[in-house]
Amino acid sequence: MPLHIETPLIESRSLSSAGHCSVWLKLEALQPPGSFKIRGIGAACEEYSRRGARRFVSSSGGNAGLAVAYAGRRLATPVTVVVPETTSARARELLRQEAAEIIVHGASWHEANVLALSMIEESDAFLHPFDDPLLWHGHATMVDELARSMPAPDAVVLSVGGGGLLCGVIEGLHRNGLGRVPVIAVETAGAASFNRSLLAGQRVELEAISSVATSLGAKRVCERAFQWSTEHPIHSVVVSDHAALDACERFLADHRLLVEPACGAGLALAYAGSPVLAGFARVAFIVCGGATATIDQIREWSANAAEEQEDL
Ligand SMILES: *Cc1c(COP(=O)(O)O)cnc(C)c1O
């Protein structure tokens, strides 16, 4: 039995009116661990379990780690998550709630990941947060649901971190006869590894991540995501942190759901009435969710982002 739930798909009056098109929301924020990640990670954990894995290891202090912890609990398999010291108190608390073993190590994700990889034993499975075909197959199930619950969309909006969500959604579009539906791929300015790669015509590694949308903070997108840009219509869009945060606040007021700025980035296109949406009558937004930001944190970031904008 899959570990994810089938999520609601609703037409949003408020986002439709702001975005000047019919906006449909695929509410992945309602997945039990708080984001779409459980679709792919749940599917991968089940598969690794079948292949005999006796422990799951992750180096993500974000939604990927939370999904692994959730999957491990459901499959009665121990989970170890190695996270850097920068991991928020909120994320650590959520990992503890899922009864995962947490090892705090290193100043950044890189060091935590090196330790996690060095710990892998023969009967362990390491769960990559975005670069694994098993993950993409799992993520694609959201499009299976979408395809049977609404008329064909004219475009799909999603956000891009390492590109696992993008790979999964495009795979889902193709397997549902929607291979011509364009994808609008959104990033924040300080985490735009996909946008930069498209401009350069090759995969580019960012020197640093400077965005509050930490769930988009992969310095380099996976090879498959970059490849899709030559095989599927993709519009790459970059928004400011300020716009992403503002979208989180407005979405909370409109739909009573708190999402991370990583998700607000996509919603910001509708709230800004972005010209990117012009010409599309019906647009599906993947509300990817995210459990690691509190409303206090979002408001604090917002206050800082507003100051930075005034300084410009
Ligand atoms: C992981 C994540 C993303 C980005 O997904 P990728 O597969 O890394 O591109 C976006 N939003 C949220 C909330 C996430 O957890």
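Whatever order the structure lists ligands and atoms in, that order sets their numbers, starting from 1. This one's a predicted model, so the numbers in the text were calculated from it and none came from an experiment.
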From the list Arg299, Arg90, Glu300, side chain to side chain contact (heavy atoms under 4.5 Å, CB included) with Thr294 holds only for Arg90

| said: Would Arg224 and Glu231 count as a salt bridge (Lys or Arg N to Asp or Glu O under 4.0 Å) here? Give the steps. | reply: CA-CA 10 Å; Arg224 186 69 189 103; Glu231 299 167 24; 3.1 Å; yes

Please tabulate, line by line, the atom pairs linking an N/O of ligand 1 to a protein N/O at a distance below 3.5 Å, with the distance in Å to 0.1, or answer 'none'.
| from | atom 1 | to | atom 2 | distance (Å) |
| --- | --- | --- | --- | --- |
| ligand 1 | 7 (O) | Gly164 | N | 2.9 |
| ligand 1 | 7 (O) | Leu165 | N | 2.8 |
| ligand 1 | 8 (O) | Gly162 | N | 2.8 |
| ligand 1 | 9 (O) | Gly161 | N | 2.7 |
| ligand 1 | 9 (O) | Gly162 | N | 3.2 |
| ligand 1 | 9 (O) | Gly163 | N | 2.8 |
| ligand 1 | 15 (O) | Lys37 | NZ | 2.6 |
| ligand 1 | 15 (O) | Asn63 | ND2 | 2.9 |

> Is a donor on one side and an acceptor on the other found under 3.5 Å between the side chain of Arg282 and the backbone of Val23?
Replying inline: no

Worksheet entry | Student check: side-chain heavy atoms of Val183 and Leu173 closer than 4.5 Å | yes

inquiry  = Can you tell whether the side chains of Glu47 and Arg51 come within less than 4.0 Å, N to carboxylate O?
reply    = yes

So the salt bridge (Lys or Arg N to Asp or Glu O under 4.0 Å) pairs with at least one residue in residues 127-151 (sequence neighbours excluded) are Glu6-Arg148, Lys26-Glu145, Arg39-Glu145, Asp144-Arg175

